Trainee: 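One structure coming up, written as structure tokens, with questions to follow.
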Amino acid sequence: MANPASYRPKTGEIPTNPGVYRFRDPHGRVIYVGKAKSLRSRLNSYFANPAGLLPKTYAMVHAASSVEWTVVGSELESLQLEYTWIKEFKPRFNVVFRDDKTYPYLAVTMGEKYPRVQVMRGDKRKGTRYFGPYTAGAIRETMDTLLRVFPVRSCSAGVFKRAEATGRPCLLGYIDKCAAPCVGRISPDDHRALADDFCAFMGGEAKRFITKLEKQMADAVAKLDYEHAARLRDDIAALRKVFERNAVVLSEDTDADVFALHEDELEAAVQVFHVRGGRIRGQRGWVVEKVEDFTTPDLVEHLLQQVYGEDGETHGRLPREVLVPVAPSNAEDLATWLGGIRGAKVDIRVPQRGDKAALMSTVRENAEHALKLHKTRRAGDITVRSQALQELQEALDLPVPLLRIECFDVSHVQGTNVVASMVVVEDGLPKKSDYRKFSITGPAASDDTAAMHDVLTRRFRHYLQDKSAQVDESVLAADGRDAVTEDAVLDTTTPAPKAKFAYPPNLVVVDGGQPQVNAAARALAGLGIDDVYVVGLAKRLEEVWLPDSDFPVILPRTSQGLYLLQRIRDEAHRFAITFHRQKRGKAMTVSALDAVPGLGASKRKALLAHFGSVKGVKAATVEELSEAKGIGPALAGAIVNHFAADSLDAAAVPAINMATGEIIET
């Protein structure tokens, strides 16, 4: 770990202006981004007495090797630039509000020709409207009920295309829970209008639709059309069921998000109730680990910055009011920034009395229970993970803490379809976004050690390439050529670059014994990498092997460090086996047409559709082949020549009597 004094800037060099600063580790990766009204005052607080910092802040300043800053013109610009850099670099030491649950949303894909209603989780998509979040059971019931009144398409693209091709709708089309645009029962414009009505109802305009259906029911009764009136009556009951599911808590013209939090010295739990049209439409929660000595206003500022920066930019779900337990830092600038995202004014207020204050108290109780539950669930896990990492570091006599571990495994069947996997563990937890798969061909697929050498070489060659690119950027920065202009500060639309291999592990674990470990060590040595440690875990006796060692390290069977290695090894094996099965499955469906040069997938399908089978293609002449869609005379000649050559090769191989072993002369 670096000594903060080794990279501490001179006090006189640090400006007193507002700005944004970045801490980088020895590999050039940004590990923390912060903003300050006075850069000099804030940065000096990190170096004046490092021993007095919070544990995670202490780890951050010792993991860093440099600090840099950018001066901006105002606190609003610093807020925008801080958010942009946090989104771009995803620093590991920044406060990150992680969802304590995965909530589903009711989504309508308005960007498609035929909008689709579906349940979605995860990242928000452009052109899609989202409603919620909901609990898993409630969202299915809501969707099923509303499709009775608004029969919008809800099928997948594959089901839609199949129905379109056959001219028969799916089951939902027959039971009137889909307008069946796939078979032309409704025009694209009418179907889109139906989707707009669905969105309007979910957006809070329920009374308008209920009133409209009640008038239609009265007209049907006046015309003695009792069957139609009965259907309308059931539709009204369905809409009321959805509309009345949420209790009225505020006046009907209130659209607000109500935030509350409960915190201790190390963590904080946040809860939010989404109130639309005076009714609670959804609930959401986060738990965050504190990095710096944040005050509650600082936490509220970072909370609103992350929640609305991610969600608001995507589908504009910001309400008119944001109710918070305390006023955030830079409240006016934050309200201005949120107003720019929403496209209208956003009020950030602290309720003092009345119904809103009472609802805030309820949300606060939920946050208190959430933090207690989180600590109950995580206390044992955190202790065990810390113990495992410490035991492993001591048993292997490593000088650095094991912040990141990568494990590699090779999978094949008798040397065919050779693949490898890389799984990543950070702070004892799997980081699936960094998992990688490798296909191995050529001489490297000859045996496990060659495959392991090839995989490690490819993985760390990427790391060296990315590292050299970062060094070039650092040189430009030292020359003053990456100064952030005012326009660059205000530009938050540039997409963040995809994560690469630039962040190396502290420890590499390979599945295997001494041969595999030595092969991995040779790969690293060949690339000139000497700060990454390598071990192997042999399956037979669960021995831990070190490079160029004649004897393994035997960890106790009850060692948490051994359990951690076993879990990582098993995860790498699972990931490799999954990829191998996928590759083997594709290889088993190879067609004789695949080897024809210049014949792609679409043209192979056209040939099979025209001739019915590969046998028919083989028997066809050039003229007959040219009749197929997309097959020209040149390609038809290549197909005929290919199969003619195969016939000659087959004829050249002598037939053998398998009973006697004699060659059968023809």
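These figures come from a predicted structure and were not determined experimentally.
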Trainee: Under the 3.5 angstrom rule, does the side chain of Thr109 hit a backbone N or O of Arg116 as a donor-acceptor pair?
Mentor: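 Between the backbone of Arg116 and the side chain of Thr109 there is a qualifying donor-acceptor contact (under 3.5 Å).
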Trainee: Would you mind reporting whether Thr11 and Arg40 have side-chain heavy atoms less than 4.5 Å apart?
Mentor: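 In contact.
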Trainee: Determine the interplanar angle of the Phe259 and Tyr308 rings, folded into 0 to 90°, and report it as parallel if under 30°, tilted if 30 to 60°, perpendicular if over 60°.
Mentor: perpendicular
Trainee: Can you tell me if Arg24 uses its side chain to pair, donor with acceptor, with the backbone of Ser66 under 3.5 Å?
Mentor: no
Trainee: Run Tyr46 and Phe23 through ring-ring contact (aromatic ring centres under 6.0 Å, His included) and show every step you take.
Mentor: CA-CA 11 Å; Tyr46 289 104; Phe23 281 88; 5.1 Å; yes
Trainee: With no hydrogens and no angle check, just 3.5 Å: does a side-chain donor-acceptor pair link Thr336 and Asp333?
Mentor: no
Trainee: If you compare all heavy atoms of Val72 against all heavy atoms of Gly19, which two are closest, and at what distance to 0.1 Å?
Mentor: CG2-CA, 3.9 Å
Trainee: Output, in order, the C-alpha distance, side-chain angles, deciding distance and verdict of side chain to side chain contact (heavy atoms under 4.5 Å, CB included) for Arg233 and His228.
Mentor: CA-CA 9 Å; Arg233 176 202 61 196; His228 183 52; over 6 Å; no
Trainee: Does some side-chain heavy atom of Val272 sit less than 4.5 Å from a side-chain heavy atom of Val363?
Mentor: no
Trainee: Quick one: CZ on Arg153 to SG on Cys170, what's the gap to the nearest 0.5 Å?
Mentor: 10.0 Å
Trainee: Nearest 0.5 Å, please: how far is CZ in Phe150 from SG in Cys199?
Mentor: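 So the SG of Cys199 and the CZ of Phe150 are separated by 10.0 Å.
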Trainee: Please check if the side chain of His62 supplies one atom and the backbone of Tyr58 the other of a donor-acceptor pair under 3.5 Å.
Mentor: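 Yes; at least one donor-acceptor contact below 3.5 Å.
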Trainee: Give the C-alpha distance, both sets of side-chain angles, the deciding distance and a yes or no for side chain to side chain contact (heavy atoms under 4.5 Å, CB included) between Leu171 and Ile175.
Mentor: CA-CA 6 Å; Leu171 176 62; Ile175 63 175; 4.2 Å; yes
Trainee: Which pair of heavy atoms, one from Gly34 and one from Glu82, lies closest together, and at what distance?
Mentor: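 Heavy-atom minimum between the residues: CA-OE2, 3.9 Å.
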Trainee: Side-chain contact test, heavy atoms from C-beta onward, threshold under 4.5 Å: evaluate it for Trp337 versus Val346 and give yes or no.
Mentor: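 The answer is no; the side chains never approach within 4.5 Å.
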Trainee: Do Asp225 side-chain atoms and Val221 backbone N/O form a donor-acceptor pair below 3.5 Å?
Mentor: no
Trainee: Would you check if Lys431 and Val425 make a side-chain contact, meaning some heavy-atom pair closer than 4.5 Å?
Mentor: no
Trainee: Does the side chain of Leu39 reach to within under 4.5 Å of the side chain of Val71, using non-hydrogen atoms?
Mentor: yes
Trainee: Distance check, rounded to the nearest 0.5 Å: Gln305 atom CD versus Leu338 atom CG?
Mentor: 9.5 Å
Trainee: Indicate yes or no for a side-chain donor-acceptor contact from Arg231 to the backbone of Asp234 under 3.5 Å, with no hydrogens or angles considered.
Mentor: no
Trainee: I'd like to know whether Val67 forms a side chain to side chain contact (heavy atoms under 4.5 Å, CB included) with Tyr32, so could you lay out the CA-CA distance, the side-chain angles of the two residues, the decisive distance to 0.1 Å, and finally the verdict.
Mentor: CA-CA 9 Å; Val67 61; Tyr32 186 74; over 6 Å; no
Trainee: Write down the atom of Pro325, the atom of Met360, and the distance for their closest heavy-atom approach.
Mentor: N-CE, 3.9 Å
Trainee: Considering all heavy atoms of both residues, which atom of Val117 and which atom of Val108 are nearest to each other, and what is their separation?
Mentor: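 Nearest pair, atom of Val117 first, then Val108: CG2-CG2, 4.2 Å.
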Trainee: Would you say that Arg349 contacts Val322 through its side chain, given a criterion of any heavy-atom pair below 4.5 Å between the two side chains?
Mentor: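 Answer no - side chains too far apart.
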Trainee: Does CD in Glu214 sit with more than 12 non-hydrogen atoms of other residues, nucleotides or ligands closer than 6.0 Å?
Mentor: yes
Trainee: Taking atom CD1 of Ile236 and atom CD of Gln216, what is their separation to the nearest 0.5 Å?
Mentor: 8.5 Å
Trainee: Please round to the nearest 0.5 Å and tell me the distance separating atom CG of Asn44 and atom CZ of Arg8.
Mentor: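 Going from CG on Asn44 over to CZ on Arg8, the span is 5.5 Å.
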Trainee: Measuring only between side-chain heavy atoms, which start at C-beta, is Pro151 closer than 4.5 Å to Leu194?
Mentor: yes
Trainee: Take Val350 and Leu323 through the side chain to side chain contact (heavy atoms under 4.5 Å, CB included) test and state the conclusion after the steps.
Mentor: CA-CA 6 Å; Val350 180; Leu323 305 180; over 6 Å; no
Trainee: On the six-membered ring of Trp85, is Arg22 placed so that its NZ or CZ lies under 6.0 angstrom from the centre and within 45° of the ring axis?
Mentor: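 Yes, Arg22 sits over the ring of Trp85.
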Trainee: Any salt bridge between Glu368 and Lys372, counting N to O under 4.0 Å?
Mentor: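 Salt bridge between Glu368 and Lys372, a charged N being under 4.0 Å from a carboxylate O: yes.
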Trainee: For Ser38, does its backbone N or O pair with a side-chain atom of Ser41 as donor and acceptor, under 3.5 Å?
Mentor: no
Trainee: Is any side-chain heavy atom of Leu43 closer than 4.5 Å to a side-chain heavy atom of Tyr21?
Mentor: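 A side-chain contact under 4.5 Å exists here.
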Trainee: Between NE2 of His369 and NE2 of His262, what distance do you get to the nearest 0.5 Å?
Mentor: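 Nearest 0.5 Å value for the NE2-NE2 distance: 10.0 Å.
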